[in-house]
Every structure is written in structure tokens, then in C-alpha cells.
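Let me begin by presenting the structure, written as C-alpha cells, before commenting on it.
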Amino acid sequence: MERKSFGNMQCPVARTLERVGEWWSILILRDALQGLTRFDQFQKSLDIAPNMLTRRLHTLVEAGMLERRQYNDRPPRFEYVLTDLGRDFRTIIIALNSWGNKHFAPEGPSVMLVDAKTGEQVDLILVDRNTGREINSRDYAIVPGPQADDATRERLESMARRREAANEASLQEGAAGDGPKGKLKKSKKAAEPKGKDKPAKDKPAAKAGKVAKRA
């Protein structure tokens, strides 16, 4: 089966995955960002088969993330050095590390990002460089860029309509719950006794009359 290419898709996420979407590539970049440059260093760190490592390094060089440099003539030896493009991947690695520690480390973190001076663990958030504000789903949105084609515009606008409809439905549901009827329902439910605290029900009058007649 022929591998699907994401290179021509109008989506920056898809185009990034075209370059680094294979897990070995991301781990090689992780190690390169920690200073590894040579084939044997990557192989030892990752415990990866030599032929697979050769292919992944070649792919990263082609993508412009690494540069292949000769450091020895006899025998010829090469190292793989990060380019500016590769170094810019650091933010992605840091975000993956933080997300993995939050969701997939029940035993506690084994690799942490800390302040180099204080040793304090970093609490990572995504912020807008222009304003310093935290980027969240409430105040920010993904919109078509100036080069977006019709298909991309339709896809993003369709998603925006769904998001707006979901937000409106959520607001209406909240308003109904906070209205007079909603509040009355909640107060009645809260005031209603439970279990053994419920008052004993009075016996029906007809039944009480029969008991009195027998006596």
C-alpha cells in the first residue's frame, strides 16, 4: 500500500507530520536537542536498528532538520547537526514532555523541565508572544489564513459553526438551569430528605377507620 503524503495539504499540522510524523524521527530530534550528533550515539541512546536509523537520519536531512557534516577523513565519518529549523522543534519536544508527564506518568515524572538556576519544575503554558496572554480555546480560534484555498476555508468555517452551535447550546442549558424554574427545582431537590431522614407517611384515612372499627 502506497504511503499517503501530507506535503501538499493546506494544514501546517499535516505538513509537519510529513517531516517528523514517524516516532523515531521525533526521538532522534529529542536526542539531537540534548547534544547528540553521531550515528553511534543515536544508536546507543535509542537502541534502534542501524538500517532504520540510517533511513530516519536521511529523512531528517532531506527535510532540512539536520545537516550531515564530515568530521573524519580516514575513515570517512559524519555527524548530524541541528539546523535552525531543527532547533526550532525544541518547543514541540518540551510540550510533548509536559503533556506526557501530565497524562502518562502515573508513577511520577522521570524527565522534567526545570529552571536551570533554581531547579524548580516548570509549569508549562502556551502564551501569545505579542500580548503575553495564555492561549486557550475560549479566547482564541483557528481561522483561514490569507493563502487558504476554498476547501480549507470551508473546513475551518464548518468547524467554527459547529463550535458556535455547541457553545450556544451550552449557554442555553446553563441559563435554563439558573432560571426561576431551574432554581426552584434545585432547591426542592436539595430540601427533599433522603433515606432514613424522610418523614413517615401518614396512613390513609380509610385504613385507619377499619382499624378503629375492629377495636
Side-chain angles (χ1 to χ4, degrees), residues 1-73 75-116 121-129 135-137 140 142-145 147-149 151-152 155-156 159:
M1 183 176 177
E2 188 177 351
R3 178 182 178 273
K4 181 178 176 63
S5 173
F6 296 151
N8 294 323
M9 291 179 66
Q10 275 212 335
C11 172
V13 175
R15 290 181 178 182
T16 300
L17 289 173
E18 177 71 15
R19 277 82 179 172
V20 296
E22 201 276 339
W23 62 61
W24 285 122
S25 297
I26 295 176
L27 292 176
I28 289 169
L29 289 172
R30 177 204 67 183
D31 285 356
L33 286 162
Q34 291 297 313
L36 272 59
T37 60
R38 298 184 180 180
F39 190 95
D40 59 332
Q41 293 173 337
F42 289 118
Q43 188 177 12
K44 182 178 180 181
S45 172
L46 299 172
D47 193 23
I48 181 177
N51 59 336
M52 177 61 75
L53 178 56
T54 299
R55 286 199 296 270
R56 291 299 99 210
L57 288 170
H58 178 70
T59 299
L60 289 170
V61 169
E62 278 196 331
M65 310 284 282
L66 296 175
E67 181 183 350
R68 188 170 182 254
R69 293 180 185 171
Q70 186 168 345
Y71 68 89
N72 194 61
D73 292 330
R77 300 287 187 193
F78 296 88
E79 61 181 357
Y80 298 86
V81 181
L82 285 163
T83 62
D84 288 341
L85 182 64
R87 281 188 288 274
D88 211 27
F89 198 72
R90 182 185 300 277
T91 52
I92 310 301
I93 293 292
I94 290 172
L96 284 171
N97 187 81
S98 178
W99 190 66
N101 275 339
K102 182 178 180 181
H103 296 288
F104 306 119
E107 74 286 1
S110 56
V111 178
M112 302 189 306
L113 179 69
V114 300
D115 185 308
Q121 186 173 1
V122 172
D123 185 9
L124 191 69
I125 61 169
L126 189 64
V127 299
D128 177 4
R129 184 191 296 273
I135 296 177
N136 53 49
S137 58
Y140 292 84
I142 302 293
V143 300
Q147 300 303 318
D149 58 20
T152 300
R155 178 174 64 85
L156 292 176
M159 289 178 178

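- Heavy atoms only, all atoms of each residue included: Ser25 and Val20 are closest at CB-CA, 4.2 Å.
- Atom CG of residue Leu66 and atom CD1 of residue Ile28 lie 7.5 Å apart, to the nearest 0.5 angstrom.
- The one candidate from Met65, Arg19, Arg90 that meets the side-chain contact (heavy atoms from CB on, under 4.5 Å) condition with Leu29 is Met65.
- Under a 3.5 Å cut-off, the side chain of Thr59 and the backbone N or O of Arg55 do form a donor-acceptor pair.
- Looking at Ile94, Asp123, Ile93 one by one, the single match for side-chain contact (heavy atoms from CB on, under 4.5 Å) with Leu113 turns out to be Ile94.
- Rounding to the nearest 0.5 Å places CG of Leu96 at 6.5 Å from CZ of Phe89.
- Under the side-chain contact (heavy atoms from CB on, under 4.5 Å) criterion, Arg77 pairs with Tyr71, Asn72, Pro75, not counting sequence neighbours.
- Within the model, atoms CD of Glu18 and SG of Cys11 stand 12.0 Å from one another, a figure rounded to the nearest 0.5 Å.
- Taking OG of Ser98 as the start and NE2 of His103 as the end, the distance is 8.5 Å to the nearest 0.5 Å.
- In this structure a side-chain-to-backbone donor-acceptor pair under 3.5 Å is present from Thr83 to Gly64.
- The neighbour count for Gln34 CD, taken as heavy atoms of other residues, nucleotides or ligands under 6.0 Å away, does not exceed 12.
- Here NE2 of His58 is found 9.5 Å from OH of Tyr80. Values are rounded to the nearest 0.5 Å.
- Side-chain N or O atoms of Gln43 include none that pairs as donor or acceptor with a backbone N or O of Phe39 at under 3.5 Å.
- Contact detail for Gly86 and Leu33: the closest heavy-atom pair is O-CD2, 4.2 Å.
- The shortest heavy-atom contact between Leu85 and Ala63 is CD2-O, 3.5 Å.
- One side chain, Thr152 or Asp149, offers a donor N or O that lies under 3.5 Å from an acceptor on the other.
- Contact detail for Arg30 and Leu46: the closest heavy-atom pair is NH2-CD2, 3.5 Å.
- Judged by distance alone, with hydrogens and angles left aside, the side-chain atoms of Asp128 form no donor-acceptor pair with the main-chain N or O of Ile135 at under 3.5 Å.
- The distance from atom CG of Leu27 to atom CG of Asp47, rounded to the nearest 0.5 Å, is 12.0 Å.
- Contacts of Asp84 classified as salt bridge (charged side-chain N to carboxylate O under 4.0 Å, His left out), with partners at least two apart in sequence or in another chain: Arg87.
- The two residues Leu36 and Ser45 make their nearest non-hydrogen contact at CD2-CB, 3.8 Å.
- Atom CD1 of Ile142 sits in a sparse spot, with 12 or fewer heavy atoms from other residues, nucleotides or ligands closer than 6.0 Å.
- The two residues Thr37 and Gln41 make their nearest non-hydrogen contact at N-OE1, 2.9 Å.
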